[in-house]
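Below you'll find the structure, written out as structure tokens, and then a few comments.
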2 protein chains.
Amino acid sequence: MILKSQVEWALHCCAILAGLPDGRYLSTKALAELHGLPKEYLSKALQSLSQAGLVHTTLGPSGGYRLAKAPAELTFLDVVEAVEGKGRTFVCQNIRANNPCRPKDYCESGSCAIARIMWEADEAWRTALRKVTFADLGKTLEQEIDPGIWAGTFDWVLKRAG
Amino acid sequence: MILKSQVEWALHCCAILAGLPDGRYLSTKALAELHGLPKEYLSKALQSLSQAGLVHTTLGPSGGYRLAKAPAELTFLDVVEAVEGKGRTFVCQNIRANNPCRPKDYCESGSCAIARIMWEADEAWRTALRKVTFADLGKTLEQEIDPGIWAGTFDWVLKRAG
DNA sequence: GAATTAAGGATACATGATATCCCTATTTTG
DNA sequence: CAAAATAGGGATATCATGTATCCTTAATTC
Ligand code: SF4
Ligand code: SF4
């Protein structure tokens, strides 16, 4: 059970978009170059973000993506769920219904303890991701990243932003 | 990202084994019949439990599986990790190294904020699973399951336990 | 009108999950 | 001792999903 690499890509792209000045857009091409990723495939991840309403897009030259909300309103969970889906990681096949000791067509009284426990763990994971916004991430990155690279990347992005 | 169905199978099998009297063993065949699962494939899941040291096995007629520890010492996380592996669900491809603004062979100072946040969420998931033991589960199931089915299943299992 | 862009359909490929079959060594049963 | 039953594990087939590329269309900018 491993998250798709598109999750990582989407998180990085949102981190960049979160640093973009208001009203500017950054294209798939620029984001792909910046991260060394296949442009066409990265595009699918960005489309997922778009379908989830997390980013806003414009067409034509100087078009591309920007965040649809303020970085403080966008959580890691938003991005992860946009790419990976909102489904639970534990899916119940209801194998208890195969128990030969049960009367046929016995009606279950809701979800069982095993499924509930697994789903609670799922929810703990989601809660942890919901707590972190891209404003939080921006602050941390600014402290941790080499200032030269930070500034250089910022310039690089601005030059290519429409 | 969905857990393998073997996780569900292994959890159910451990739930049954946790109710087994001391010194008794239950075979793959019995566990497969009880849950309506393909015997040969369920066997792989049980082998994972065995390799992780969670169950003890004996060969020959009347052989099979029993828990290696007391139910109160066996956690959901033990079983999930035995089947699904102990690896993190977020794997970092280090795509920041592709940033064209970086000097070549720039040495990263440890793991970045994005990866740390994802790994912390992972850890929250594991913590939730580590909190629940099969003694806890047993108590819940005893309260929730129809007493007739509960007793009938217990008898069924005892008849087939070596 | 030409260039650039997001969106999305079609397709191929790789990987991992699911499932079955078969063989071996070990242990109980008779 | 012989037969039956068991866990363990290798080999293989099948299917779903993730990864990746290519191409077309519609919208936008210049
Ligand atoms: S016992 Fe729970 S987890 Fe197992 S099959 Fe039934 S509902 Fe699903
Ligand atoms: S920035 Fe973090 S998550 Fe992204 S590639 Fe680097 S280490 Fe991995």
Side-chain angles (χ1 to χ4, degrees), chain A residues 1-10 13 17 23-33 35-66 68 80 82-85 87 89-91 93 95 160-162, chain B residues 1-10 13 17 23-33 35-66 68 80 82-85 87 89-91 93 95 160-162:
Chain A
M1 192 199 48
I2 289 186
L3 290 167
K4 332 192 212 203
S5 54
Q6 286 201 346
V7 170
E8 186 182 2
W9 302 357
C13 288
L17 295 181
R24 310 288 296 276
Y25 289 81
L26 198 59
S27 72
T28 306
K29 194 179 167 206
L31 287 166
E33 281 177 23
H35 297 115
L37 301 173
K39 193 189 97 176
E40 310 280 349
Y41 191 33
L42 172 62
S43 171
K44 305 293 182 186
L46 298 173
Q47 283 172 38
S48 297
L49 297 180
S50 177
Q51 286 167 1
L54 305 184
V55 296
H56 184 252
T57 70
T58 49
L59 288 177
S62 86
Y65 298 86
R66 69 167 169 82
V80 170
V83 173
E84 194 69 37
T89 65
F90 180 85
V91 296
Q93 315 279 147
I95 63 176
R160 283 160 184 79
Chain B
M1 192 200 46
I2 288 186
L3 291 167
K4 333 192 212 203
S5 54
Q6 285 201 348
V7 170
E8 186 182 4
W9 303 358
C13 288
L17 294 181
R24 311 288 296 275
Y25 290 80
L26 197 59
S27 71
T28 306
K29 194 179 167 206
L31 287 166
E33 280 177 24
H35 297 115
L37 300 173
K39 194 189 96 179
E40 312 279 350
Y41 192 33
L42 172 62
S43 171
K44 305 294 182 186
L46 297 173
Q47 282 173 38
S48 297
L49 297 179
S50 176
Q51 285 166 2
L54 305 184
V55 295
H56 184 252
T57 70
T58 50
L59 288 177
S62 85
Y65 297 86
R66 67 168 171 81
V80 170
V83 172
E84 195 68 37
T89 65
F90 180 86
V91 296
Q93 316 278 148
I95 64 176
R160 282 160 186 78

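If you're wondering where the values come from, they're calculated on a predicted model, not measured in any experiment. The sequence lines fix the lettering, A, B, ..., with proteins before strands; numbering per chain opens at 1.
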Is A:Thr28 close enough to C:dT5 that one of its side-chain N or O atoms is under 4.0 Å from OP1 or OP2 there? no

Rounded to the Å, how far apart are B:Lys39 NZ and C:dA19 C1'? 14 Å

Using only side-chain N and O atoms of A:Ser27, determine if any of them is under 4.0 Å from OP1 or OP2 of C:dT4. no

What's the closest nucleotide to the side chain of A:Ser62 if the choices are D:dT29, C:dT5, D:dG9? D:dT29

Spacing of A:Met1 atom CE relative to D:dG18 atom P, expressed in whole Å: 13 Å

Side-chain donor/acceptor contact of B:Lys44 with base of D:dG8 under 3.5 Å: no

Enter the distance from A:Tyr65:OH to A:Thr28:OG1 here, rounded to the nearest 0.5 Å. 4.0 Å

Does A:Tyr41 have a side-chain nitrogen or oxygen under 4.0 Å from the phosphate oxygens OP1 or OP2 of D:dT21? no

Provide, to the nearest angstrom, the distance between the CD atom belonging to B:Gln6 and the P atom belonging to C:dT20. 12 Å

In this structure, how many angstroms lie between the C1' atom of C:dA7 and the CG atom of A:Leu49, rounded? 14 Å

Nearest heavy-atom contact between B:Ala82 and B:Ser48 is O-CB, 3.6 Å

The reported gap from OG1 in B:Thr58 to OH in B:Tyr25 (rounded to nearest 0.5 angstrom) is 5.0 Å

When rounded to the nearest 0.5 angstrom, what is the spacing between CD in A:Gln93 and CG in B:Leu37? 9.5 Å

Within this structure, what is the CG-to-P distance between A:Leu26 and C:dT5, rounded to whole angstrom? 11 Å

Can you tell me if the side-chain N/O atoms of B:Thr58 get under 4.0 Å from OP1 or OP2 in C:dT28? no

B:Pro61 has its side chain closest, among D:dT19, C:dT27, C:dT5, to C:dT27

Can you find a side chain N or O atom of B:Ser50 that sits less than 4.0 Å from OP1 or OP2 on D:dA7? no

Along DNA chain D (nearest heavy atom to each residue), the more 5'-positioned of B:Leu59 and A:Lys4: B:Leu59

Choose from C:dT20, C:dG8, D:dA4 the nucleotide whose nearest atom is closest to any side-chain atom of B:Pro38. C:dT20

Nearest whole angstrom, please: distance from the C1' of C:dG9 to the CD of A:Gln47. 10 Å

Phosphate-side-chain proximity, A:Gln51 and C:dG8, N/O vs OP1/OP2 below 4.0 Å: yes

Out of curiosity, B:Leu46 CG to B:Ser27 OG, how far, rounded to the nearest 0.5 Å? 9.5 Å

Base, sugar-phosphate or nothing for A:Gly64? Non-hydrogen atoms, less than 4.0 Å. sugar-phosphate

Gap between atoms CD and P, on B:Glu40 and C:dC23 respectively (whole Å): 13 Å

Quick one: which of C:dA7, C:dA3, D:dG18 gets closest to the side chain of A:Thr57? C:dA7

Select base, sugar-phosphate, or nothing to describe what A:Ser43 touches, counting heavy atoms under 4.0 Å on all strands. nothing

State the CD-NE2 distance between B:Glu8 and B:His35, to the nearest 0.5 angstrom. 9.0 Å

What integer distance in Å separates A:Arg160:CZ from C:dT5:P? 12 Å

Out of C:dA3, C:dA19, D:dA5, which nucleotide sits closest to the side chain of B:Trp9? C:dA19

